[in-house]
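Per chain, numbering begins at 1; letters A, B, ... match sequence-line order.
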There are 2 protein chains.
Amino acid sequence: MARVRISDVATAAGVSTATVSLVLNDRVERISPATAARVRQAAAAVGYTPNTVARGLRTQRTHTLGLISDTIATTPFAGRMLAGAQDAAREHGYLVFLVDTDADPKVEEKAIRALVGQQVDAMIYAAMWHRVVEAPAGLPTGTVFLDCRPSGGGFPAVVPDDRQGGVAAVRELVAAGHRRIAYVDVAEDEPPVASGLRHQGYLEVLAEAGITPDPALHARGETSAAGGCAAVGRLLDLPADRRPTGIFCFNDRMAAGAYVAAHRRGMDVPRDVSIVGYDDQQLVAGEQDPPLTTVALPHYEMGRWATEVALGVREPPREDSTHLMPCPIVRRDSVGPPPTAA
Amino acid sequence: MARVRISDVATAAGVSTATVSLVLNDRVERISPATAARVRQAAAAVGYTPNTVARGLRTQRTHTLGLISDTIATTPFAGRMLAGAQDAAREHGYLVFLVDTDADPKVEEKAIRALVGQQVDAMIYAAMWHRVVEAPAGLPTGTVFLDCRPSGGGFPAVVPDDRQGGVAAVRELVAAGHRRIAYVDVAEDEPPVASGLRHQGYLEVLAEAGITPDPALHARGETSAAGGCAAVGRLLDLPADRRPTGIFCFNDRMAAGAYVAAHRRGMDVPRDVSIVGYDDQQLVAGEQDPPLTTVALPHYEMGRWATEVALGVREPPREDSTHLMPCPIVRRDSVGPPPTAA
DNA sequence: TTGAAAGCGCTAACAA
DNA sequence: TTGTTAGCGCTTTCAA
């Protein structure tokens with residue numbers, strides 16, 4: 001581990017460390033080509049790797065980015081956010097410090113201090129699912145919020161456009177000819193912000209299609225396959241004239257439960273009932289039979305956006321500081337025309 | 001961002017920077033309590049956070065750990081590995097640099113250089129799934145391999161004990177009374193090492209139970225729900241006297257497919273057929289109906305182990321340098337006694 | 001075109 | 001018990 005220093009390269013090349021530094025940083029404007037070549041060769045020969053800690057101390061730029069999250073990395077859910085952040089960071093020569101805090105404020109505070117102490121050039125504060133958070137104290141200005149919004153504003157943020165996603169999902173059903181469309185929402189005392197936004201999108205599409213919303217078709221259940229199964233079961237047990245022919249579920253897990261509820265009643269998807277999910281969750285949406293049409297959460301794109309803004313290579317939004325990332329529809333095979341009998 | 005330095009604290013407390021350093025690093029043996037208190041107060045008052053980059057340069061220890069992986073972070077699969085690594089790192093005051101390389105050797109090499117340049121104190125090289133890898137050049141000695149083994153040895157490594165996991169799975173079936181037990185393996189030209197190891201465990205249990213292995217019960221399929229469904233379908237279509245009553249699937253996804261195959265034939269799990277999976281994958285195993293009995297991959301524990309060995313707070317294994325982490329059985333409701341008719 | 005020297009913020013000998 | 005000083009490895013004026 002006896003690291004080779006810039007002075008070793010200088011000695012090997014018979015020049016000063018200043019010259020080596022200039023050459024290795026491609027500031028060769030006023031260095032003779034011969035010297036430059038000699039330096040590069042010497043560097044390679046002695047196996048030199050610059051000490052970026054020393055460089056960071058001197059230049060006050062560490063080329064590191066701190067990414068604090070509640071549980072982004074340790075959950076199967078939002079890893080693509082990390083991928084987007086990593087890719088963007090790498091493209092700009094940055095390394096990322098990742099720290100998961102389990103949403104523990106104590107841990108969070110320590111993490112922020114540690115990252116600030118490490119002189120990170122940029123910071124991202126990420127949540128596992130779209131929500132409004134209290135910005136922890138000590139966050140450097142310019143910190144970007146990823147998949148969450150600071151309740152008090154003041155920071156650039158990016159979240160999925162859940163309203164638009166709801167619109168996309170329900171339009172898919174309307175376009176297939178459905179008129180009786182249910183929204184299977186989450187049943188929680190403090191529902192996630194996505195819940196209301198997707199519902200809003202749902203109502204918008206009904207309005208634009210001239211459909212009067214039926215409160216009976218706004219179902220609720222636990223956020224799980226079992227919860228979706230129960231809620232959708234109640235919907236499918238409605239008399240035929242009131243029963244929905246298209247169902248938009250809050251997420252893919254609940255949609256998976258919807259399949260079960262349908263199958264138990266001898267109904268086929270999409271022949272007897274069409275289903276649209278949300279999240280495009282790996283190993284869930286695509287593995288249903290038939291594969292589930294759903295709305296994708298743009299995790300990768302959000303991770304990229306947040307990183308680019310944090311690194312200053314992309315302008316943050318002007319007026320309102322939170323950016324809404326579109327949620328694209330992913331067409332698979334769970335949507336068809338409504339049954340003719342209905 | 002005009003950071004406050006140790007000299008600011010020194011000025012505020014009316015002492016030298018050396019004294020501040022001593023106090024803040026709890027080397028107060030020979031510092032008067034009054035001075036120590038004054039320093040701490042001054043540090044708090046001016047809002048001092050030590051510059052760990054400068055400290056690292058001086059002490060030659062950065063308290064950072066580099067974690068290189070193919071796609072560990074960006075896959076829903078092995079995030080728990082990261083959680084284990086993070087927890088262990090935090091406990092010892094380390095911050096982790098995470099870099100995903102997508103298994104691209106070019107990216108991998110750059111990542112190693114970058115991490116070495118950052119003077120990381122420890123390094124972990126992780127894979128997303130248990131396999132044997134070519135150790136990339138430039139890895140510092142002491143690098144720990146996580147969920148993979150270097151083909152040439154020479155580094156401590158930790159992988160799941162897939163043979164033992166296979167034993168646990170099949171014993172579960174034998175204990176329930178099954179005698180005709182199938183193993184649904186992966187059909188790939190270069191099967192993952194786990195495939196053979198789990199099969200080995202399967203054969204061991206059959207032997208210890210005095211059951212002659214039936215080659216017809218060693219099925220193969222694609223590693224997906226669809227593949228599991230197809231392979232298990234063929235098994236269930238066997239004449240009743242040759243049909244398995246217990247099925248051990250290579251992973252949970254294939255096991256999910258096994259449920260589908262059974263249901264399509266009007267069979268109930270576990271009344272007509274018992275199923276055991278592998279991986280204990282979130283949002284898959286627990287969400288089956290009935291919940292799937294499976295074998296858990298000890299991702300969290302492996303992440304922790306690797307980090308502790310990398311940080312030198314745990315002894316690496318002596319003789320053979322790769323540590324086998326036990327895979328515990330997770331009992332849910334997909335195993336019951338064989339149907340009496342069989 | 002190149003080199004000498006200072007200094008980033010900290011810790012650790014050594015001196016007082 | 002505390003302060004002075006050197007130096008970690010690098011970049012960057014400034015001088016030659």
message: Just N and O in the side chain of Gln60(A): are any of them under 4.0 Å from OP1 or OP2 of dT11(D)?
response: no
Pairing of Arg40(A) and Asp26(A) as salt bridge, 4.0 angstrom limit: yes
message: Please compare Arg58(A) and Pro33(A) by the position of their nearest nucleotide in DNA chain C and report the one closer to 5'.
response: Pro33(A)
task: Establish, with yes or no, whether the OP1 or OP2 oxygen of dC10(C) is under 4.0 angstrom from a side-chain nitrogen or oxygen of Thr59(B).
output: no
query: Which is it for Asp100(B) and Ser69(B) under the side chain to side chain donor-acceptor pair (under 3.5 Å) test, yes or no, and what are the steps along the way?
result: CA-CA 5 Å; Asp100(B) 264 22; Ser69(B) 80; 2.6 Å; yes
message: From CD1 of Ile6(B) over to C1' of dA12(C), roughly how many Å is that when rounded to an integer?
response: 12 Å
message: Can you tell me whether the side chain of Arg30(A) and the base of dT1(C) have a donor-acceptor pair closer than 3.5 Å?
response: no
query: Once you round to the nearest 0.5 Å, how far does CG of Leu57(A) lie from CZ of Arg55(A)?
result: 12.5 Å
Value in whole Å for how far the P atom of dC10(D) lies from CD of Gln119(A): 18 Å
message: Without decimals, in angstroms, what is the distance between Arg5(A) CZ and dC8(D) P?
response: 7 Å
query: Quick one: is dG3(C) close enough that its OP1 or OP2 comes under 4.0 Å of any side-chain N or O from Thr19(A)?
result: yes
- request: Could you tell me whether Glu91(A) and Arg304(A) make a salt bridge, using a distance below 4.0 angstrom between a side-chain N and a carboxylate O?
  value: yes
statement: Picking from dG3(C), dC10(C), dC8(D), the nucleotide nearest the side-chain atoms of Asn51(B) would be dC10(C)
message: Is the phosphate of dT11(D) approached by Asn25(A) (side-chain N or O, under 4.0 Å from OP1 or OP2)?
response: yes
- request: Could you work out which one of dT11(C), dT2(D), dC10(C) sits closest to the side chain of Ser32(B)?
  value: dT2(D)
query: Whole Å only: how far is the CG atom of Leu22(B) from the P atom of dC14(C)?
result: 15 Å
- prompt: Between dG7(C) atom C1' and Arg55(A) atom CZ, what is the distance in whole Å?
  reply: 17 Å
query: Roughly, in whole Å, what's the span from CZ in Arg61(A) to P in dC8(C)?
result: 18 Å
task: Using a heavy-atom cut-off of under 4.0 Å over every strand shown, decide if Thr35(B) touches base, sugar-phosphate, or nothing.
output: sugar-phosphate
query: Looking at CD1 of Ile6(B) and CG of Asn51(B), how far apart are the two atoms once the value is rounded to the nearest 0.5 Å?
result: 10.5 Å
- line: Result for 5'-nearest mapping on DNA chain C, choosing between Arg27(B) and Val53(B), is Val53(B)
- request: Using atom CG of Asp121(A) as one end and atom P of dC8(C) as the other, report the distance to the nearest whole Å.
  value: 18 Å
query: Whole Å only: how far is the CG atom of Leu57(A) from the C1' atom of dC10(D)?
result: 8 Å
message: Please classify the nucleic acid contact of Val15(B) as base, sugar-phosphate, or nothing, using heavy-atom distances under 4.0 Å.
response: sugar-phosphate
